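Working notes, structure below.
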Amino acid sequence: MPGDAPHRVAFLVYDGVTLLDVAGPAEVFTEANRFGADYHVVLLSPTGEDVTSNLGFRVAVDGAVSAEPAAGTYVVAGSSLYPRTPVPRELADAAQVPAAGAGRVASICTGAFILAAAGLLDGRRATTHWKVTHELAARCPTCRVEPDAIYVRDGTTYTSAGVTAGIDLALALVEEDHGSDVARDVARALVVYMQRSGGQSQFSAPLQGPPPRSSALRKITDLVTAAPQGNHSLGELAKHLNVSTRHLTRLFHDELSTTPARYVENIRFDMARALLDQGHTATQAAALAGFPSYESMRRVFAKKLSISPAAYQRRFGTARRANAG
């Protein structure tokens with residue numbers, strides 16, 4: 001607000017920090033200043049010394065955590081070092097001490113492990129990269145980890161998923177501070193989504209797990225993924241392999257931990273979301289994605305996202321569509 005002091009956004013960085021965890025969200029806050037925001041972004045390390053990022057680039061910092069004034073937003077970036085190794089005590093302390101005075105605390109990707117080591121996720125809902133959500137839950141047993149969320153807010157604590165989810169979270173924080181118009185302007189300028197909701201899936205259906213081990217099942221999953229609108233009843237899929245429906249069901253269970261029907265539903269759901277993002281109507285998306293009817297698609301959206309396809313399209317439109325409007 002005019003006349004107010006700048007909103008201080010402090011990033012905790014350290015040796016091995018993922019550069020994109022810092023650069024992506026920082027770019028959002030800096031870009032927002034072009035549209036009326038007043039963010040002051042600083043980089044802090046535990047000791048005040050410069051750090052080396054995961055890419056080997058030297059990152060100059062503005063000071064030490066303990067020597068700096070309280071931040072309006074304190075952001076803990078992630079690193080591939082964690083959860084592979086325990087979080088050092090000094091790094092956990094570097095998150096814990098300033099968090100007490102910050103207006104809100106956020107983590108990007110595996111930065112959640114640092115928050116957890118600092119005790120800042122105890123009893124809270126949180127997320128991190130989907131590959132390590134089980135490990136986060138093991139390290140922080142009182143934390144309720146949501147493995148399929150882009151970002152999670154619990155009070156004034158925010159956690160986000162993979163590196164690009166940090167951009168989604170930063171946009172959400174800008175919207176919280178300055179409204180949807182400013183956040184949309186930032187998203188449009190950066191040519192990114194405005195914005196994926198925290199409740200949206202971190203990854204598309206074909207990427208939800210490792211590919212099938214057997215070439216036979218890969219043939220079926222490739223068929224469904226390439227043409228979701230085809231006739232993919234259990235019987236038809238079994239015919240493609242010349243196996244019984246029971247055998248095909250066992251293959252899906254053993255290799256993908258799902259059923260053929262659920263796999264087809266996930267692929268169609270993923271395609272329908274993409275079609276809605278591209279501007280197709282809900283009826284068109286249902287037909288092109290292979291749902292028997294709009295109503296069947298609506299039920300799937302309600303089950304997975306707790307909203308209708310039309311509400312999804314209104315809330316999670318892309319920057320490209322916002323620009324067209």
Side-chain angles (χ1 to χ4, degrees), residues 8-33 39-102 104-121 126-133 135-136 139-140 151 157-171 173 190 192 202:
R8 188 177 177 84
V9 181
F11 283 81
L12 173 62
V13 297
Y14 45 89
D15 286 335
V17 69
T18 299
L19 193 59
L20 188 56
D21 281 5
V22 180
E27 186 72 25
V28 170
F29 292 117
T30 302
E31 187 69 22
N33 288 341
Y39 293 110
H40 177 53
V41 177
V42 296
L43 304 184
L44 307 177
S45 69
T47 63
E49 296 180 357
D50 294 348
V51 302
T52 302
S53 75
N54 64 314
L55 300 180
F57 299 154
R58 198 73 177 165
V59 178
V61 305
D62 297 288
V65 167
S66 59
E68 293 295 315
T73 301
Y74 191 62
V75 183
V76 178
S79 169
S80 61
L81 296 173
Y82 316 110
R84 288 192 287 114
T85 60
V87 176
R89 185 68 255 169
E90 60 269 21
L91 186 53
D93 289 344
Q96 184 182 49
V97 174
R104 60 193 176 198
V105 179
S107 67
I108 312 299
C109 198
T110 54
F113 284 85
I114 300 174
L115 293 189
L120 298 173
L121 296 185
T127 194
T128 187
H129 193 286
W130 63 273
K131 284 187 175 181
V132 292
T133 51
E135 178 66 21
L136 180 62
R139 291 202 189 186
C140 187
Y151 60 83
T157 301
Y158 301 73
T159 51
S160 62
V163 287
T164 59
I167 294 175
D168 295 294
L169 175 55
L171 281 169
L173 296 177
L190 298 179
V192 295
Q202 288 189 30

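Side-chain atoms are counted along with the backbone in the values below, which use heavy atoms only and exclude waters and symmetry mates. Bear in mind the structure is a predicted one, so any value in this text is a computation, not a measurement.
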- Task: Give, for atom CG of L190 and atom CD of E31, the distance between the pair rounded to the nearest 0.5 Å.
- Result: 5.0 Å
- Distance, nearest 0.5 Å, that separates OH of Y82 from CD of E135: 14.0 Å
- Message: I'd like to know if the side chain of T159 and the backbone of I108 have a donor-acceptor N/O pair within less than 3.5 Å.
- Response: no
Which pairs would a plain distance check flag for residues 14-26, meaning a side-chain donor or acceptor within less than 3.5 Å of a matching protein atom at least two apart in sequence or in another chain?
from	atom 1	to	atom 2	distance (Å)
Y14	OH	A77	O	2.7
Y14	OH	G78	O	3.2
D15	OD1	T52	N	2.9
T18	OG1	G78	O	3.4
D21	OD2	G78	N	2.8

- Scanning both residues in full, the closest heavy-atom pair of V59 with S53 reads CG2-CB, 4.0 Å
- OG1 of T85 to CZ of F113: how many Å apart, nearest 0.5 Å? 10.5 Å
- Query: Would F29 and Y39 count as a close aromatic pair, with their ring centres under 6.0 Å?
  - Reply: yes
- Task: Report the residue from S107, S45, P46 that forms a side-chain contact (heavy atoms from CB on, under 4.5 Å) with L12.
- Result: P46
- When rounded to the nearest 0.5 angstrom, what distance separates OH in Y151 from CD1 in I167? 13.5 Å
- Taking the side chain as every heavy atom from C-beta outward, state whether L81 and R84 have any pair of such atoms under 4.5 Å apart. yes
- Enter the distance from I114:CD1 to D93:CG here, rounded to the nearest 0.5 Å. 12.0 Å
- Item | C109 backbone acceptor or donor facing T128 side chain under 3.5 Å | yes
